[in-house]
Amino acid sequence: MSFIKVTLEDGFEVSFPAGITCQEVLQELKGRNTGAIAALIDGRESDLTTRLDESCRLEFIDFDSPRGARIYRHTASHILAQAVKRLYPGARLGIGPAIDTGFYYDFEFDEPISADDLDRIEKEMNRIIAEDLPLRRLEPSRREIKKVFSKENEPYKLELIEELPEDEIISCYQQGDFIDLCAGPHLTSTGRVNAIKLTGLAGAYWRGDERNPMLQRIYGTAFPTQDQLKEHLHRLEEARKRDHRKLGRELDLFSFQEEGPGFPFFHYPGLIVLQELTQFWREEHHRAGYEEIKTPIILNRQLWENSGHWEHFRENMYFTRIDEQDYAVKPMNCPGAMLVYRTRMHSYRDFPRRIAEMGLVHRHELSGTLHGLMRVRSFTQDDAHIFLLPDQVEAEIKGIIDLVERFYHIFGFKYRVELSTRPEKAMGSTEQWEKATAILKRVLGDREIDYRVNQGEGAFYGPKIDFHLRDCLGREWQCSTIQLDFQMPEKFDLTYIGEDGQRHRPVVIHRVIYGAMERFFALLIEHYAGAFPAWLAPVQVVVIPITERHHGYGRDIYRRLAGRFRVSIDERNEKVGYKIREAQLKKIPYMLIVGDREEESRRVAVRSREDGDLGPFAVDDFVRRLQQELEEKR
RNA sequence: GCCGACGUAGCUCAAUUGGCAGAGCAGCUGAUUUGUAAUCAGCAGGUUACCAGUUCAAGUCUGGUCGUCGGCUCCA
């Protein structure tokens, strides 16, 4: 018998007979990671049942690692598919991957199922778990496997097989009488899955293409214990309390009306937050060398034909007629900025010229995509168009990334970066696109920023770097974006006079930092759970007189603060506890309680939203404290 | 736009099999003058999203429209 050398995670080397399975190694090493659900053989994800024929490095992964959780839930998705096939033998299988917080599987049913059917399916899944069916990996030939899926009437699986490279080994996993095309790895048996829950039913186009038939997608999640599952569901419920749509109503920030779906109404408290965000933005942009402009919302058809929007963006635009001429409501701010640029001659010495605009744009988004303030049909972009020389591009993009990071740092946002490349419906030559894309890649590389390439998702005029933030339920939304554009300068015949006295074409960078004020606001609401830091809070201080006889002193305090802060006074005929509770629910950062003690000592009792009663303060001391807090944007 | 679900007072939610639309909070009025998260009492509040239909009778059943929610697609 030959022996192999297995090197473990901690560098420990053990000798085993060749052909031993990962699981057997694990048993030999009892006590070292008993929660293992899969193995990494020389870094390759593998089943615990995989045999080791050669010396290798071996690690075990458990549920607590992200890959472990994915493997665990992927097995859960197979259990879902098996349950569905038992209850609906005619159902055709789509795909069934694990996702961040669970898994899904797509099916085509003869008769659509409804949400009520999920209970039945979940029960069947639990039955399959109780049966503790072992999962076996099979590597049949292409012919055999096609035969199996033809017999099972699985057209979608056959389609997937057709598209696998000729030389690739195709693997399947079998549990009981259920077999699925799958790269694996998987748990050793269905009984290893402990706590499952089906969480939703939705439509999903086959392979994400709206020209394909719509399948029914069942979402679920799975955990090693019922407690973990319960905790996960509880967390979800807590997260829902931060939902900006709920808090927006409760805090009177904004509303939506049936009279204008997707067009937000901002109420005074919400508008204050937007105004503060805008003011901060102005200060930062002034410092960073931007000028600000404002351009019209409605411009004529010829402009939009010239810019390419008429051809490339028409289905998202709103139109109107004025004096028997066609006009469009702007879906982007760029053409306006181009017109402003063209109003005078430029020298290369003017560059980079940074023209910013808080521009209100309107886009006709599909009704099904509207989502609170996150996706609306009219929104304000904190836009800027930067006109520069080709060799200034790299440094400028670095500067913009600095600005983005400065903003996100203030709010404490974590983000994810994507690079989007040439879409199908693009203007300009492939060479131009490649050149532009290479510049963006280089900047990201130099800054050591992790990013994902999003093939074919660029704007129609150029590639872009996008920054994504997460909402309370973990959904990602694009906010900042930096887009290179070699097309608009052509279309608008933009020029500058170079060192050589000749006319040249400038490059344009489009960029937004917040992205859309509406979306950023929504993310902020969820990020802070409605409890805005004092500099953003609609009301920063509320004066609470204890009884009517303290109203006079309360008003003195109110008047002393009113010029400097956003302050209100609660003179209602209620008990202090009631007024405090209400201020707390409105998430007002500071409450100043004034009664006999305070009036006599000419002080105020300060209560903070976060830390409760802070005790008596001289008014000037409180003013200094709050002023500093506002300056630091804490 | 597509798939599924939902739509009752400002908000959160009730209303057996189709049988007089109700509660809490908020609002208003009055009493109470209050010390760090809800004082008490009374009053008012509705074309049950909208439009048709079935029925002696529709919040409830059927069809359509609009909107919202969860996804898909799309995107700031």
Side-chain angles (χ1 to χ4, degrees), chain A residues 104 106 112-118 199-219 240 243 245-246 249-250 252 255-262 313 315-316 331-333 359 361 363-383 420 457 459 464 466-469 473 475 477-481 483 510 512-520 522-523 544-551 573-585 591-598 605-609 612-615:
Chain A
Y104 68 78
D106 289 343
I113 62 162
S114 87
D116 302 334
D117 298 313
L118 295 184
T199 52
L201 178 67
Y205 300 109
W206 168 237
R207 317 197 80 171
D209 190 329
E210 61 186 329
R211 289 165 299 196
N212 286 339
M214 182 162 270
L215 310 182
Q216 283 194 292
R217 174 170 299 177
I218 299 176
Y219 284 90
R240 271 188 261 276
D243 192 313
R245 293 165 295 191
K246 181 176 154 68
R249 187 174 49 236
E250 287 171 1
D252 193 28
S255 62
F256 284 93
Q257 314 290 337
E258 293 206 358
E259 288 79 356
F313 211 70
E315 63 271 29
N316 283 305
M332 294 189 194
N333 301 302
V361 299
R363 296 184 188 173
H364 180 75
E365 300 294 343
L366 294 178
S367 61
T369 67
L370 301 179
H371 185 98
L373 286 182
M374 298 280 190
R375 183 173 285 102
V376 287
R377 283 175 171 165
S378 74
F379 54 102
T380 305
Q381 291 183 304
D382 63 319
D383 223 334
S420 298
E457 296 297 320
K464 54 180 188 166
D466 300 327
F467 293 73
H468 297 248
L469 301 180
L473 290 176
R475 293 175 289 217
W477 301 91
Q478 191 195 111
C479 291
S480 312
T481 170
Q483 315 184 342
H510 306 240
V512 288
I513 305 292
Y514 288 129
M517 299 308 289
E518 290 74 5
R519 176 176 292 180
F520 198 84
L523 287 159
I544 301 180
I546 288 175
T547 75
E548 215 170 324
R549 74 174 177 280
H550 307 112
H551 285 188
N573 179 8
E574 298 289 351
K575 295 167 96 164
V576 219
Y578 182 88
K579 293 182 185 179
I580 286 172
R581 177 183 152 80
E582 199 137 290
Q584 199 75 41
L585 291 175
M591 294 157 236
L592 302 183
I593 291 121
V594 294
D596 291 335
R597 292 204 293 268
E598 288 71 25
V606 178
R607 185 191 162 93
S608 116
R609 177 181 63 192
D613 194 354
L614 300 181

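In what follows, every chain begins at residue 1, and chains take the letters A, B, ... in the order their sequences are listed. Since the structure is predicted, the reported quantities are computational estimates derived from the model, not experimental observations.
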Examine A76(B): is either OP1 or OP2 under 4.0 Å from a nitrogen or oxygen in the side chain of Gln478(A)? Give yes or no. yes
Has the side chain of Arg375(A) got a donor or acceptor atom sitting under 3.5 Å from an opposite partner on the base of C74(B)? yes
Donor-acceptor pair (no angle test) under 3.5 Å: Arg363(A) side chain, C74(B) base: no
Using a cut-off of strictly less than 4.0 Å, decide whether His371(A) has a side-chain nitrogen or oxygen near OP1 or OP2 of G70(B). yes
I'd like to check, for Phe379(A), whether its ring lies over the base of A76(B) with centroids under 5.5 Å apart and a plane angle smaller than 30°. yes
Would you say the side chain of Glu598(A) and the base of G35(B) hold a donor-acceptor pair, judged only by whether the two atoms sit under 3.5 Å apart? yes
Sidechain N-carboxylate O distance under 4.0 Å for Asp613(A), Arg607(A): no
Considering all heavy atoms of both residues, which atom of Met374(A) and which atom of Arg519(A) are nearest to each other, and what is their separation? O-NE, 2.8 Å
Using OP1 and OP2 only, check whether a side-chain N or O of Thr369(A) sits under 4.0 Å from C74(B). no
Using purine N1 to pyrimidine N3 plus N6-O4 or O6-N4 for Watson-Crick, or N1-O2 and O6-N3 for G-U wobble, both under 3.5 Å, which nucleotide pairs with G1(B)? C72(B)
N/O (side chain, Tyr205(A)) to phosphate O (OP1/OP2, C74(B)) under 4.0 Å: no
Provide the distance between the two C1' atoms, one in U33(B) and one in C69(B), to the nearest whole Å. 46 Å
For Arg207(A) and U73(B), is the shortest distance between a side-chain N/O and OP1 or OP2 below 4.0 Å? no
Tell me the partner of G35(B), counting only Watson-Crick (N1-N3 plus N6-O4 or O6-N4) or G-U wobble (N1-O2 and O6-N3) with both under 3.5 Å; none if nothing fits. none
May I ask you to evaluate whether Arg377(A) reaches the phosphate of A76(B), defined as a side-chain N or O under 4.0 Å from OP1 or OP2? no
Do any side-chain nitrogens or oxygens of Arg607(A) fall under 4.0 Å of OP1 or OP2 in G35(B)? no
Quick one: closest heavy-atom pair of Gln483(A) and Ala459(A), and the distance? OE1-CB, 3.9 Å
Counting the atoms with a prime plus P, OP1 and OP2 as sugar-phosphate, which does Glu574(A) contact under 4.0 Å by heavy atoms, base, sugar-phosphate, or nothing? base
Complement of U8(B), any strand, by Watson-Crick or G-U distances under 3.5 angstrom: none
Can a salt bridge be assigned to the pair Asp209(A) and Arg207(A) using a cut-off of 4.0 Å between side-chain N and carboxylate O? no
So, OP1 or OP2 of C69(B): does either fall under 4.0 Å of a side-chain N or O from Arg245(A)? yes
